[in-house]
Amino acid sequence: MSTQTVTRTPAGVRVGLRPPAEAYAFIGADHPLQPIAVLDVTLQEGEALAAIELATVCECDLRTTSSSRAATVPQILGHEQVGRIVALGPGDPALTADGRVLALGDRVVWAREVACGRCDECRTRSAGAVEQTAACRRPHRYGRERATRGWELSGGIATHVHLLAGTVVFRARDWVPAAVLAPAACAGAAATAALDSAARQQPLEGARVVISDAGMRGVTAAAMAAARGAVVTVLDADPVRRQRALRFGASAVFAPDVSPKGHDVALDFVGTTEAVDAVAARTRHGGLIVVAGDDAAPQRRLVQTASVISRELRVHVVEKVEPVHVGQALAFLERADAAVFAEAVGETVPLREAPRAFTAAPHLRLRTAIRP
Ligand SMILES: [Zn+2]
Ligand SMILES: [Zn+2]
């Protein structure tokens, strides 16, 4: 049985956990993920401790573990998850995104970045956490940073996550499966950001939209675009993934090189020259292309492909996924067909087998889930 002791100390609220909290750390591309144990967590004002109900492994995590690029290690991975608040810091209570007091027992998802509170944008902006996180120059990133003393539980591949003050937290409905809601913070938010960007420049009702791949972001965007009245085509080289995209709301699916042309709007979540060019070639002259990969800077360069230039496409690169997109994604997923979205999770593994979730065959499932 697990027990939790709460002690008020001058340094904050100290939460002792028995058995200890456990998190999985990436320590380098040539090593398996390593478990770390955390016996107690000290919460400051505005902070909270969430017990993880379910986490999903997103493309960002897979890119970190498979990349030979030097990452700052150890890094607790994971920023797609659903949790439940089990402890709160001292002083004034934290608020959820809808302005209510964050309470013990709340089922929550949260934005994957949190404002640093120290940069010039943070210091000059007195607005709320949503605006501050969007503007911050050096946000802390859940699941993407070196674990530090005092903030060891910084990612979702864990039993618990330590939510820093200023984290934009959204309450999740109790009856929607965690597998449906966990991807809201990354895949859902990225899809929302791309569609919002497209919709600002072109009405989506009746528009012909082509999406460059049937990954989690792609199929989520397909479902969202279809819900806004668009006619959606999804491209993917893999027939299993193409079939799945149809269930998410695509009207048509094709291998990238054989699809029809003349779409009004192209969405790319892959972020490679080939993927951008493939959807650009399927877009009408003067149409719109929105690129929403994970890193805006290289995408601004790669997006000027031959097809983009020859078709004189209007180009928009999504610079940043903001907390507001997480909230919109969560609201969409709570109303979506749970059976379809839950199917995107191919397997759920226990936390002690977390390393196995990083060796999944990606065409068979869009997400592997981890349950503590
Ligand atoms: Zn991610
Ligand atoms: Zn900042």
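Read the numbers this way: they start at 1 and go in the same order the structure lists the ligands and their atoms. Worth knowing before you read on, the calculation uses all heavy atoms, side chains too, and leaves out hydrogens, waters and symmetry mates.
Here Cys60 contributes SG and His79 contributes NE2, and at the Zn ion (ligand 1) these two atoms make an angle of 110°, given to 10°. Seen from the Zn ion (ligand 2), atom SG on Cys122 and atom SG on Cys136 lie at an angle near 110° (rounded to 10 degrees). In this structure, SG of Cys186 and SG of Cys58 enclose an angle of 130° at the Zn ion (ligand 1), rounded to 10°.
Between the side chain of Arg107 and the main chain of Arg84, no donor-acceptor pair closer than 3.5 Å is present. Side chain of Ser154 to main chain of Ala147: no donor-acceptor pair is present (N/O by atom type, distance under 3.5 Å, no hydrogens or angles).
Follow the hydrophobic side-chain contacts under 4.5 Å out from Val38 and you never reach Tyr24; the two are in separate clusters.
At a threshold of 4.0 Å, the pair Arg367-Glu59 counts as salt-bridged, since one of the basic side-chain nitrogens sits closer than that to a carboxylate oxygen.
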